[in-house]
Amino acid sequence: MSLNDILDTLFPAGHAVAVANRVITGEAQTAQGPVAVLGTTDAAAIDHAMALALSGFVLDTVEQHPGRPLVFLVDTSGQALSRSQELLCLNGSLAHLASCVDLARRQGHPSLSLVTANAVSGGFLSFGLMADQAYALAEAQVRVMDLRAMARVTKIAHERLVELAGTSPIFAPGAENYVQMGGIAAIWPAPSAALLDEALSAVRQELGTGDQRQSVGLSRGGRQLAAGITERVLNAPLGA
Amino acid sequence: MIPAIASRHSWFEATARRRVGGLLDAGSFAEILPPAESQPSPHLAQLDLPGAFDDGVVIGSGRLAGQSVLVAAQEGQFIGGAVGEIHGAKIVGLLRRAVREKPAAVLFLIDSGGVRLHEANAGLIAISEIMRAVLAARAAGVPVVALVGGSCGAFGGMGIVAKLCSAIIMSEEGRLALSGPEVIETVAGVEEFDAKDRALVWRVTGGKHRYLMGDCAALVEDEIAAFRDGVTAFLAGWTEPEPGLAGLRATQQRLEHRLAAYASYRDGLQVWAALGIAQPDDVPLLDRDSLVALKEGLPT
């Protein structure tokens, strides 16, 4: 589905969105008023320029439109893989983008992300997973690494990984696994203005409740240890 | 025996526990969830891989120069310090505890390649939770200081986490980046990044380069005592600022300016020359003090 089709379906009341260097910025009308629309398209490999375009737009929104919701559209194949990018500390630009999204949250901007096609590691961490809630379209690919590459790096047989992937959401690619793990709130069968409206209401209601992904992952059965471990660390007696 | 020599302990070569022991005031460290009260990762066991009772990260409380601190130390010798479900949840818990207890600082001894692939989804989400928890601790007024000088450096998601901290204290041996050179070489070819060229890897990701560029706050010798002195000195002069638009605008401007100036370079030597260093070829040979002196007056 093309970006324009996705935008038309999500925002039937109108949108004014520009795409430059695979970076989406603009605004759209929803049943709940105007929202900022931003993100990446065409499986963008996030580099400094893209990260700074997004962070600059987040800061503009915080400055010019207090409280305006942020809707991130995520289509990223990860981070740009190049020496010149690393030379200028690419992790620093991605951290800056994450800090800007976090500032928006602190200043009362509800945020959600929708994975439209691909969401991979560093690119996903820097904005999609920084939103209050992440959603994914049904055909979206969400992963750290595909199973063949994972087999090569971990030196575990590909067949063994495929076999385990059938029973465990812990490592295998797939948006459904991220739903079970609490990293993605829900999968949308298709772009939908009604689902977006519901999601915006949900993030508004949960504004200020903090990061709930561990407990969601626990209640869905995908991440059975994390919530309990964090709780034990929080409650361990002082000086013991 | 010369005392000065006898008391030297390499940070790079030390284990996580040894680093914590030497960093904090003697005898002050109290571990939270010590191995006896913890469990190894069942996800590794499912793959018939050996686990560790601390899952590769040591957390607890202690004192630094008399002040109470919380500390997390990743063990690079265990699966590259990579973040799995339990490992990540321990760090998240420690950072959330900092919001409640308001220690003088959280010291984050990073030694990690990022996500543990054997638990990739749990690791990625955990790193996202750590990112938010670092920013929450800082917003609560608690400085979070990253110490980077271990054999695994700070890569992947942990490279992002390091840059979310109040400051990074680094040794020359430390490395800080997003993608590892091996990954770039595998995907983009050896012409793009020769991961076996150690000198090049350090000129792109190493402590000296990050210090000259202002991406880490302090450069220290590869000694546990030097990290202790470095972080103590940093904290003595630091008050955690409230998160705000002005600060992030300033960072935005600095990063945009830097990208415009240096985007075409591919080697530290080129950037150092552009920074105004007359003899960039000498930089890899300089000792720590000479490099710090060289940085005085350079723009970043």
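Below, chains carry the letters A, B, ... as their sequence lines are ordered, and counting in each starts from 1. This is a predicted model, so every value here is computed, not measured. No hydrogens, no waters, no symmetry mates; every other heavy atom, side chains included, goes into these values.
- In this structure, chain B has no heavy atom under 4.5 Å from any part of A:E231.
- Chain B forms the most heavy-atom pairs under 4.5 Å with one residue out of A:Q85, A:Q107, A:Q214, A:Q224, and that residue is A:Q214.
- Using a 4.5 Å heavy-atom cutoff, the side chains of B:L135 and A:S99 are in contact.
- Side-chain contact between A:L88 and B:M213: present, with at least one pair of heavy atoms (C-beta onward) separated by less than 4.5 Å.
- Of the two parts of A:A49, the backbone and the side chain both hold a non-hydrogen atom closer than 4.5 Å to a non-hydrogen atom of chain B.
- Neither the backbone nor the side chain of B:A260 comes within contact range of chain A; no heavy atoms are under 4.5 Å apart.
- The closest donor-acceptor contact from the side chain of B:R132 to the backbone of A:D211 lies at 3.5 Å or more, if one exists at all.
- Just one residue in the list B:I86, B:V92, B:I91, B:L94 forms a side-chain contact (heavy atoms from CB on, under 4.5 Å) with A:T230, and that residue is B:V92.
- Side-chain contact check for A:S93 versus B:Q252: every heavy-atom pair is 4.5 Å or farther apart.
- Counting heavy-atom pairs closer than 4.5 Å to chain B, the top residue among A:M145, A:R232, A:R143 is A:R232.
- Under a 4.0 Å N-O distance rule, the pair B:R249/A:D60 qualifies as a salt bridge.
- Note that the CG atom of A:L59 and the CD atom of B:Q253 stand 11.5 Å from one another [nearest 0.5 Å].
- Only the side chain of B:L200 comes within contact range of chain A, with at least one heavy atom under 4.5 Å from a heavy atom of that chain.
- Side-chain N or O atoms of A:R83 include none that pairs as donor or acceptor with a backbone N or O of B:Y265 at under 3.5 Å.
- Annotation for A:Q64: atom CD counts as buried by contact number, over 12 foreign heavy atoms lying within 6.0 Å.
- Taking B:Q39, B:Q46, B:E256 one by one and counting their heavy-atom pairs under 4.5 Å with chain A, the maximum is reached by B:Q46.
- Only the side chain of B:R210 comes within contact range of chain A, with at least one heavy atom under 4.5 Å from a heavy atom of that chain.
- Within a 6.0 Å radius of CZ in A:R220, more than 12 heavy atoms belonging to other residues, nucleotides or ligands are found.
- Between the side chain of B:R266 and the backbone N or O of A:S84 there is no donor-acceptor pair closer than 3.5 Å.
- For B:H209 (side chain) and A:L87 (main-chain N/O), a donor-acceptor pair under 3.5 Å exists by modelled atom type.
- Of residues 173-180 of chain A, those residues lying under 4.5 Å from chain B by any heavy-atom pair are A:N177, A:Y178.
- From A:F124, atom CZ reaches atom CD1 of B:I125 across 8.0 Å, with rounding to the nearest 0.5 Å.
- B:E85 contributes a side-chain N or O that, together with a main-chain N or O of A:A226, makes up a donor-acceptor pair within less than 3.5 Å.
- Heavy atoms closer than 4.5 Å to chain A are found nowhere in B:E242, neither backbone nor side chain.
- Ranked by heavy-atom pairs under 4.5 Å with chain A, the first of B:L245, B:V271, B:D215 is B:L245.
- No hydrogens or angles considered: a donor-acceptor pair under 3.5 Å links the side chains of A:Q79 and B:S179.
- B:R258 and A:C89 get closest at one heavy-atom pair: NH2-CB, 3.9 Å.
- A:R213 and B:S128 share a donor-acceptor pair across their side chains, judged by distance under 3.5 Å alone.
- Residue with the most contacts toward chain B among A:N235, A:L90, A:V101, A:L225: A:L225 (heavy-atom pairs, distance under 4.5 Å).
- When every heavy atom of A:R223 is checked against every heavy atom of B:A126, the shortest pair comes out as NH1-N, 4.4 Å.
- Ranked by non-hydrogen atom pairs under 4.5 Å with chain B, the options A:L94, A:L81, A:L97 are led by A:L81.
- B:E37 CD: more than 12 foreign heavy atoms inside a 6.0 Å radius.
- Your options are B:L47, B:D48, B:I59, and the one with the most heavy-atom pairs under 4.5 Å with chain A is B:L47.
- Across A:H96 and B:T251, no two heavy atoms sit closer than the pair ND1-CG2, 3.5 Å.
- A pairwise comparison of heavy atoms in A:E86 and B:A177 identifies OE1-CB, 3.3 Å as the closest pair.
- The minimum heavy-atom distance linking B:L248 with A:C100 is given by the pair CD1-CA, 4.0 Å.
- Of the two parts of A:D102, only the side chain, counted from C-beta on, holds a non-hydrogen atom closer than 4.5 Å to a non-hydrogen atom of chain B.
- Of the two parts of B:L49, only the side chain, counted from C-beta on, holds a non-hydrogen atom closer than 4.5 Å to a non-hydrogen atom of chain A.
- Contact record, A:A95 with B:K163: CB-CB, 3.6 Å, taken as the closest heavy-atom pair.
- Here the CG-CG distance, from A:N91 to B:L176, works out to 4.5 Å after rounding to the nearest 0.5 Å.
- Both the backbone and the side chain of B:A122 come within contact range of chain A, with heavy atoms under 4.5 Å apart.
- Using a 4.5 Å cut-off between heavy atoms, A:M181 contacts chain B through both its backbone and its side chain.
- With chain A as partner, the option from B:E192, B:E129, B:H43 having the largest number of non-hydrogen pairs under 4.5 angstrom is B:E129.
- Of the listed residues (A:A80, A:G56, A:G182), the greatest number of heavy-atom pairs within a distance under 4.5 Å of chain B belongs to A:G56.
- For residues 151-170 of chain A, the interface with chain B (any heavy-atom pair closer than 4.5 Å) comprises A:V153, A:T154, A:I156, A:R160, A:L161, A:L164, A:S168, A:P169, A:I170, sorted by residue number.
- Heavy atoms of B:R138 lying under 4.5 Å from chain A are absent altogether.
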